[in-house]
Visitor: 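Before I ask anything, here is the structure I am working with.
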Amino acid sequence: MIASDISPLASRLSSGAHTRAVTDPFHGDLLEVSMGPHHPSTHGVFRMQVTLDGETIVKLKPVFGYLHRNHEKLGESTSYLGSMPYTDRLDYLNSMTNNWAYALAVEQLAGQPVPERAEYLRVILAELTRLLNHTCLAGFLLQDCGCSGTPLMYAFREREKILDLFEALSGSRMMCNFQRFGGCRTDASPEWLAAAKQLTDGYGAFLDEYERLITGNEILMARTQGVGALKPDLAISAGITGPMLRATGVDYDLRKVDGYGFYPRFEFRVPLGDHGDTYDRYMIRVLEMRESIKIIQQAFATLPAGPVMDPKAKLRGFRPKPGEAYGRIEGPRGEIGFYLVSDGTPNPYRYRVRPPSFVNLTLLEDLCLGHTVADAVIILGSIDIVLGEVDR
Amino acid sequence: MLGSGLLSGLAVTAKNLVGSFHDPARLTTVEYPEQQAKLPEAYRNFPFLVSENATDPMGTLRCVACQICEKECPPQCIYIEKSKDKKPDATGKLQLYPAIFDIDTSVCMSCQICVEVCPFEAIKMDQVFAIATTDRFDALLLKREQLAKPNAYYHTIHPTEAAEVDARLATERKAAAEKAAAAAAAKAAAPKPPAPPPAA
Amino acid sequence: MEPLEQLHARLLSAFPGAEISIVNNPGPAAQHSLLLPAALAREIAFFLRDDPALRLDYCSNVTGIDWLKAGHIEVVYHLYSMALKHGPVIIRLRTANRTDAVTLPSLTPVWRACEFQEREVFDLYGVVFDGHPDLRRILMWDEFKDHPMRKDYIEPDDYEWEPTPHGAIHDKAKAHYPAAVTPAEGAAKP
């Protein structure tokens with residue numbers, strides 16, 4: 001807020017922060033800063049109500065719900081199929097994995113089998129989504145560190161190639177709406193598979209370039225190492241999942257634990273961190289991308305022929321028997337689950353989304369306490385939230 | 001050595017900067033309005049109604065106003081009113097047709113579910129994306145006259161899919177025609193009701 | 001992991017006299033659940049978390065379900081074990097009714113993962129969690145009155161006017177803004 005040539009009010013408005021002094025008998029004058037909801041560092045409309053002692057955070061309350069459209073109520077008022085395009089809009093970077101998680105829950109609810117080729121396609125698409133998401137995160141995290149431009153643009157350049165693949169297959173870059181109950185909507189053509197294979201084979205070179213650009217960078221290390229360190233037992237208790245959990249050293253990856261899809265057929269490692277700090281969270285994602293490339297290459301090598309849709313699957317008039325099911329998969333941000341209760345009608349009686357980034361936000365305050373405002377920005381960036389999913 | 005990470009990063013950016021002048025693969029953008037990236041065949045935007053020919057689009061709509069898409073549409077952007085009378089479709093069978101068929105493109109989310117649930121191959125996805133208007137209301141509420149596009153247009157935007165659809169429809173129509181012919185033949189060959197006994 | 005019947009028997013012996021019952025799931029998923037008495041729920045939850053054979057240290061999902069006909073609200077917890085990598089064990093709590101007796105014990109002291117999700121259930125279903133450290137609305141704004149995920153929630157009728165052909169929506173908006181709608185409607189329709 002060093003803007004002597006504009007009025008104080010204007011400078012306050014332009015910085016997006018509303019400030020007022022808080023008197024506290026133990027800390028002297030504290031400052032309460034409202035970061036957001038319209039702030040470039042919050043990855044959407046998200047507000048952090050921060051209480052500062054000088055530059056140090058002594059209290060932080062996340063405030064969200066600005067994007068709330070009651071997705072779950074919408075799911076209860078539309079048919080099972082009608083919710084599928086809405087799941088694209090939860091975590092709008094990873095629509096393929098959201099589709100899969102929802103399809104998996106409905107398939108469990110209805111006892112619907114899935115053909116082998118469709119499962120392979122799902123694995124390929126989910127791992128491409130993981131590449132896409134982690135690439136974006138690596139770019140955005142650097143943006144949050146203040147490195148505006150270069151790494152994000154490099155990341156987006158590669159992301160665009162994956163989005164082109166998604167568009168060629170499903171018709172839309174981000175709102176794919178591709179999985180169906182009992183398979184996938186369309187089959188991948190040989191040309192598409194060749195293009196996807198070429199991209200996957202070249203992705204390792206991009207990762208090498210990106211790591212040369214940033215991983216060994218001394219400024220990045222100084223900014224992120226030891227910042228926002230998380231202990232494993234607290235992470236487990238708080239239900240943290242995904243790369244953020246594995247950065248603390250807890251070996252819990254649903255691809256290994258549940259073995260859904262055909263993941264047990266593929267050979268891959270689960271990278272684990274040691275310190276649980278922001279740098280580990282970044283490195284885990286880079287390492288996971290390298291494992292994803294391995295999975296996709298194995299899937300291409302063994303992709304079976306056959307239909308991608310179960311012939312008995314029903315598109316219209318789909319009514320599962322009364323019952324309930326909780327289906328979950330390892331999304332790029334963590335465990336994404338759908339809990340469905342059916343009462344035998346075409347609409348679910350209860351449709352619940354377990355969003356990973358919503359639960360991962362639980363520990364935002366614990367991670368940020370004692371750090372500075374600038375660190376809060378990168379800690380939030382390393383948690384990797386998407387507000388479409390947090391607010392639903 | 002402290003600073004070596006910084007220097008290697010700078011080397012990467014330098015390589016990309018210089019490379020973008022020499023290597024077309026490193027130039028990943030196009031100058032949009034003048035140059036346009038080619039849309040993939042599967043690209044979808046908003047639905048349109050398929051008519052058999054361009055000369056009489058309203059008379060040859062494949063839609064029979066069954067209202068399945070209206071019911072299944074997740075954001076409820078389709079509105080259909082059935083006709084009072086019936087018209088023959090491509091197989092010659094008398095069918096209803098939509099007297100009103102509206103799609104509110106300000107509500108439509110391009111999910112393609114209407115296309116998937118349609119049993120008559122009557123609604124397909126268009127590829128026109130530059131649809132900005134100055135009127136937020138009526139200009140985005142498309143009537144059936146604006147929605148109807150000939151089958152030839154469908155062939156230009158989704159050639160593979162359209163060929164499959166045409167082949168499927170052709171077999172269905174052939175089967176229907178054969179069935180009708182068989183029914184007619186059976187009717188002709190059926191023994192006539194016993195003629196009244198000749199008057200003695 | 002041990003079968004649910006065995007776990008049920010073990011819980012009954014650890015908590016004699018507690019009304020713990022198995023809720024059968026008739027669907028193909030066959031994920032059966034345990035219905036716990038609200039008064040003992042937190043003790044049982046600590047038992048489930050700390051029992052060496054179970055070690056359900058990870059509460060994945062907290063869901064509210066409004067059973068309008070039965071007249072209660074149910075809160076469902078999906079528990080897994082990260083240490084032993086098994087699960088799920090599904091536990092359910094029920095409120096006495098849907099109006100004035102909607103208090104349940106909070107399980108946030110057992111699993112921190114419940115903190116935001118119980119706040120969400122409070123916000124959208126109106127279940128009051130006793131012992132929750134910070135029970136405020138989370139998705140709706142603080143001044144909001146009702147609980148929108150309840151089955152008998154009446155949605156607001158203050159739609160912005162737009163030329164939708166769906167009559168029901170239009171009529172509701174008309175009732176809400178009788179004066180504001182008419183001129184716009186007149187202007188929009190030739």
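Since this is a predicted model, take the numbers as computed values, not measurements. Throughout, protein chains are lettered first and strands after them, A, B, ... in sequence-line order, and every chain is numbered starting at 1.
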Visitor: For the side-chain hydrogen bond (donor to acceptor under 3.5 Å, both in side chains) test, which of C/Lys151, C/Arg98, C/Arg150 pairs with C/Asp66?
Guide: C/Arg98

Visitor: Would you mind telling me which of A/Gly239, A/Gly111, A/Ala105 has the largest number of heavy-atom pairs within less than 4.5 Å of chain C?
Guide: A/Gly239

Visitor: Are A/Asp391 and A/Arg69 within salt-bridge range, i.e. N to O under 4.0 Å?
Guide: no

Visitor: Counting heavy-atom pairs under 4.5 Å with chain A, which one of C/Glu115, C/Gln117, C/Arg136 comes out on top?
Guide: C/Gln117

Visitor: What part of A/Val63 gets closer than 4.5 Å to chain C, counting heavy atoms only: side chain, backbone, both or neither?
Guide: neither

Visitor: So which of C/Ser60, C/Ser33, C/Ala83, C/Cys114 has the biggest tally of heavy-atom pairs under 4.5 Å with chain A?
Guide: C/Ser60

Visitor: Relative to chain C, which segment of A/Ser342 carries a heavy atom at a distance below 4.5 Å: side chain, backbone, both, or neither?
Guide: neither

Visitor: Is the A/Tyr339 to A/Tyr351 ring centre distance short of 6.0 Å?
Guide: no

Visitor: Can you tell me which portion of C/Val62 sits under 4.5 Å from chain A's heavy atoms? Options are side chain, backbone, both or neither.
Guide: backbone

Visitor: Counting only non-hydrogen atoms closer than 4.5 Å, does A/Leu109 touch chain C with its backbone (N, CA, C, O), its side chain (CB onward), both, or neither?
Guide: backbone

Visitor: Would you sort out whether C/Tyr125 and C/Phe122 count as a ring-ring contact (aromatic ring centres under 6.0 Å, His included), showing the intermediate values?
Guide: CA-CA 5 Å; C/Tyr125 283 92; C/Phe122 163 73; over 10 Å; no

Visitor: Kindly compute the distance separating CZ (A/Arg352) from CE (C/Met149), expressed to the nearest 0.5 Å.
Guide: 9.0 Å

Visitor: Checking side chain to side chain donor-acceptor pair (under 3.5 Å) for the pair A/Asn347/A/Thr345: CA distance, chi angles, key distance, verdict?
Guide: CA-CA 5 Å; A/Asn347 298 357; A/Thr345 56; 6.0 Å; no

Visitor: Please classify the contact of A/Leu234 with chain C as side chain, backbone, both or neither, using a heavy-atom distance under 4.5 Å.
Guide: side chain

Visitor: Do A/Tyr86 and A/Tyr102 have their ring centres less than 6.0 Å from each other?
Guide: no

Visitor: Do you know the tightest heavy-atom contact between A/Arg281 and A/Ser382?
Guide: NE-OG, 2.9 Å

Visitor: Could you tell me which of C/Thr108, C/Asn61, C/Ile90 has the largest number of non-hydrogen atom pairs under 4.5 Å with chain A?
Guide: C/Asn61

Visitor: Is chain C contacted by the side chain of A/Glu76, its backbone, both, or neither, given a heavy-atom distance below 4.5 Å?
Guide: side chain

Visitor: Should we count CZ of A/Arg269 as having more than 12 external heavy atoms under 6.0 Å?
Guide: no

Visitor: Could you tell me which portion of A/Ala110 (side chain, backbone, both or neither) has an atom closer than 4.5 angstrom to a non-hydrogen atom of chain C?
Guide: backbone

Visitor: Can we say A/Arg333 and A/Glu288 salt-bridge, meaning some charged N sits less than 4.0 Å from an Asp/Glu carboxylate O?
Guide: no

Visitor: In plain terms, say whether A/Arg89 and A/Glu389 are close enough for a salt bridge, that is, a side-chain N and a carboxylate O under 4.0 Å apart.
Guide: no

Visitor: Just give me the residue among A/Pro320, A/Pro62, A/Ala238 that pairs up with chain C most often, heavy atom to heavy atom, under 4.5 Å.
Guide: A/Ala238

Visitor: Does a side-chain N-to-carboxylate-O contact under 4.0 Å join C/Arg42 and C/Asp130?
Guide: no

Visitor: Identify which one of C/Leu79, C/Ile91, C/Val110 satisfies the side chain to side chain contact (heavy atoms under 4.5 Å, CB included) criterion when paired with C/Cys59.
Guide: C/Leu79

Visitor: Ring-plane angle category for A/Phe181 and A/Tyr80, please: parallel below 30°, perpendicular beyond 60°, tilted otherwise.
Guide: perpendicular

Visitor: Heavy-atom pairs under 4.5 Å with chain A - which of C/Trp141, C/Tyr80, C/Tyr153 has more of them than the others?
Guide: C/Tyr80

Visitor: Mind ranking A/Ser237, A/Gly323, A/Gly337 by heavy-atom pairs under 4.5 Å with chain C and telling me who comes out on top?
Guide: A/Ser237

Visitor: For chain A, which residues of residues 25-32 of chain C have at least one non-hydrogen atom nearer than 4.5 Å to it?
Guide: C/Asn25, C/Pro26, C/Gly27, C/Pro28, C/Ala29, C/Gln31

Visitor: Need one label for A/Lys256: side chain, backbone, both or neither, based on atoms under 4.5 Å from any heavy atom in chain C.
Guide: neither

Visitor: Identify which part of A/Asp253 has an atom lying under 4.5 Å from any heavy atom of chain C, answering side chain, backbone, both or neither.
Guide: neither

Visitor: Just to verify, which of A/Arg246, A/Arg255, A/Arg328 counts as forming a salt bridge (Lys or Arg N to Asp or Glu O under 4.0 Å) with A/Glu335?
Guide: A/Arg328

Visitor: Select, from A/Gln108, A/Glu72, A/Lys321, A/Lys73, the one with the greatest count of heavy-atom pairs under 4.5 Å involving chain C.
Guide: A/Lys73

Visitor: Identify which part of A/Tyr66 has an atom lying under 4.5 Å from any heavy atom of chain C, answering side chain, backbone, both or neither.
Guide: neither

